[in-house]
Amino acid sequence: MTLPTVHILFENPAWNPPLTDALDAAGFPYELHYLDDGIIDPSVPPAEGIWINRISPSSHTREHGSTVAMAREWLFWLGVHGREVINGSHAFELEMSKLRQELVLRKYGVRTPRTVLATGKDNLLRLARTFEGPFITKHNQGGKGLGIMLFNDADVFADYIDSPDFDWGPDGKIILQQYIQPPEPFITRVELVGDRFLFAMRSRTDDGFQLCPSDACQVPATNPAVCPIDGEADEMAANDSKFSLAPIAADDPLVQQLLALVRGEDLQIAGIEFVEDANGNRYVYDINGTTNYSGVLGRQIDVDGMTEVVRYLREVIVPRMSRRVAA
Ligand SMILES: Nc1ncnc2c1ncn2[C@@H]1O[C@H](COP(=O)(O)OP(=O)(O)O)[C@@H](O)[C@H]1O
Ligand SMILES: [Mg+2]
């Protein structure tokens, strides 16, 4: 059987090899589409095949300031033509806004930290004064932990928003969120592909808020201030002891809620993060469509995330496309 071409929308080349290796191993032809500058001509239909959206909300931090805006148009173009898209427009808009993530998590009854959004310094300060305990700031279009600061006190926050360090983030909106103090320094990320739970992973948080599990993003112990996105993946992976398997199974009630969410919201690939408080309450705060998998952990548990993504393409998406052609 001839497999369809897989078209990968990407911006950070460091994240491509795990996916392209898995596609090669399964015999899928693929094409990479780099999205920063580009052209869309509406008189031309997009290529046939399967499209995978791998565009991250932190693209602007790699000097790719047009990527997100371009991806929006590109995904709309694919949608209009009815192309098979993994994490299409709706999933992308969810990933680009922590407010929308909060709205959707609430819709599925998932417990979240108190989360509010504002533009305008007066509004932000007014909201900050409504938090009884510690709170954190986030860029609404987040990623890489950018814009995340912890405050115990609204007066300190008032000084911060008047300082040159304050940054409204790429979409000009700030989230204030209840800070959940974990009794031990880790968060958990639940990895879902299609309708399936793959595994959950613990990430140690003692190094700060930047927790991308991609081998290419691991910070070497020698220079913790740098995110070596262009570094050697194998070398970075050798430093990687930040990630371990979390003791969570597919029948966990939270996993079941998250599976309902990804099904209902048309997200085919997701890494969803939660933090647990001292009473064992789990608060979900981040939905990543552009999830990356730790190679080190994958080898330990013998589950390669991108191989599972490609298995989903082969076993679910390709048969669906064939049925559509036959109909
Ligand atoms: N409400 C919260 N309480 C405690 N820690 C949090 C909270 N929200 C985020 N964090 C910490 O900050 C990290 C980054 O936050 P996140 O919302 O995932 O931003 P990003 O989209 O940049 O990854 C998290 O992985 C976690 O360690
Ligand atoms: Mg996160």
Side-chain angles (χ1 to χ4, degrees), residues 12 15 55-62 68 87 91-106 110-117 127-128 130-152 157 167-171 173-192 200-214 217-219 224 227 229 242-244 246 258 267 269-294:
N12 183 359
W15 293 337
I55 302 298
S56 149
S58 62
S59 309
H60 62 288
T61 67
R62 288 175 291 273
V68 167
N87 288 11
F92 188 63
E93 293 309 329
L94 201 50
E95 180 159 23
M96 293 305 127
S97 163
K98 291 189 179 295
L99 180 85
R100 294 182 192 198
Q101 293 172 23
E102 164 71 12
L103 291 167
V104 164
L105 288 162
R106 281 171 169 263
V110 178
R111 180 188 276 119
T112 57
R114 181 179 169 226
T115 300
V116 285
L117 171 134
L127 278 179
T130 66
F131 280 82
E132 280 169 14
F135 61 92
I136 54 182
T137 56
K138 299 182 177 186
H139 293 165
N140 183 51
Q141 184 186 318
K144 282 172 67 177
L146 283 164
I148 302 198
M149 298 269 289
L150 172 63
F151 293 91
N152 290 303
F157 177 69
D167 171 4
W168 284 98
D171 75 354
K173 304 181 205 75
I174 294 289
I175 292 283
L176 297 185
Q177 189 170 74
Q178 174 191 7
Y179 176 71
I180 307 298
Q181 173 78 58
E184 291 182 63
F186 66 81
I187 60 100
T188 305
R189 182 162 169 140
V190 177
E191 298 293 352
L192 308 170
M201 176 185 84
R202 280 184 176 171
S203 300
R204 283 208 340 266
T205 53
D206 19 18
D207 281 345
F209 294 130
Q210 205 292 73
L211 296 176
C212 175
S214 163
C217 296
Q218 295 321 304
V219 178
C227 177
I229 217 78
K242 198 162 159 183
F243 308 110
S244 60
L258 298 178
L267 263 161
I269 304 176
I272 304 184
E273 298 175 13
F274 71 81
V275 57
E276 199 167 323
D277 72 8
N279 298 318
N281 297 313
R282 299 182 294 186
Y283 294 82
V284 177
Y285 60 82
D286 191 21
I287 300 177
N288 300 282
T290 323
T291 194
N292 291 298
Y293 305 99
S294 157

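In listed order, ligands and their atoms are each counted from 1.
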May I ask you to say whether E102 pairs ionically with R106, meaning some side-chain N is under 4.0 Å from a carboxylate O?
yes
I need the contact type for D286 against ligand 1. Using non-hydrogen atoms and a strict under-4.0 Å cut-off, is it side chain, backbone, both or neither?
side chain
Polar-atom distance check: I148 versus ligand 1, any N or O pair below 3.5 Å?
no
Pick whichever of G142, S203, G145 has a heavy atom sitting closest to atom 22 (O) of ligand 1.
G145
Residue that, paired with N288, satisfies side chain to side chain donor-acceptor pair (under 3.5 Å) out of D286, T290, T291
D286
Hey, which atoms in ligand 1 end up nearer than 4.0 Å to a heavy atom of I187?
26 (C), 27 (O)
For F274, is the NZ or CZ atom of R282 found under 6.0 angstrom from the centre of its six-membered ring and inside 45 degrees of the ring axis?
yes
Student check: side-chain heavy atoms of M96 and V68 closer than 4.5 Å
yes
For I136, atoms of ligand 1 separated by under 4.0 Å from a heavy atom:
1 (N), 2 (C), 6 (C), 7 (C), 8 (N), 9 (C)
For T205, the ligand 1 atoms whose distance to one of its heavy atoms is below 4.0 Å
27 (O)
Y179: numbered ligand 1 atoms lying under 4.0 Å from its heavy atoms:
3 (N), 4 (C), 5 (N)
Vertex the Mg ion (ligand 2), arms to E273 OE2 and D286 OD2, rounded to 10°
90°
Using a plain distance cutoff, I'd like to know if Y285 has any nitrogen or oxygen under 3.5 Å from a nitrogen or oxygen of ligand 1.
yes
Out of all atoms in ligand 1, which are within 4.0 Å of some heavy atom of G143? Include the element for each.
20 (P), 21 (O), 22 (O)
Below 4.0 Å from ligand 1: does a non-hydrogen atom of K98 turn up there or not?
yes
Looking only at side-chain N and O atoms, does Y285 offer a donor or acceptor that is under 3.5 Å from a partner on Q177?
no
When you check the side-chain N and O atoms of T61 and K144, is any donor under 3.5 Å from an acceptor?
yes
Find out whether the Lys NZ or Arg CZ of R114 is both under 6.0 angstrom from the six-membered ring centre of F131 and within 45° of the ring's axis.
yes
Under 4.0 Å from any heavy atom of Q177, which atoms of ligand 1 are there?
1 (N), 2 (C), 7 (C), 8 (N)
Atom CD1 in I287, atom CG in L258: separation rounded to 0.5 Å?
8.0 Å
Within ligand 1, which atoms have a heavy atom of K144 less than 4.0 Å away?
22 (O)
Which label fits F135 and F151: parallel for a plane angle under 30°, tilted from 30 to 60°, or perpendicular past 60°?
parallel
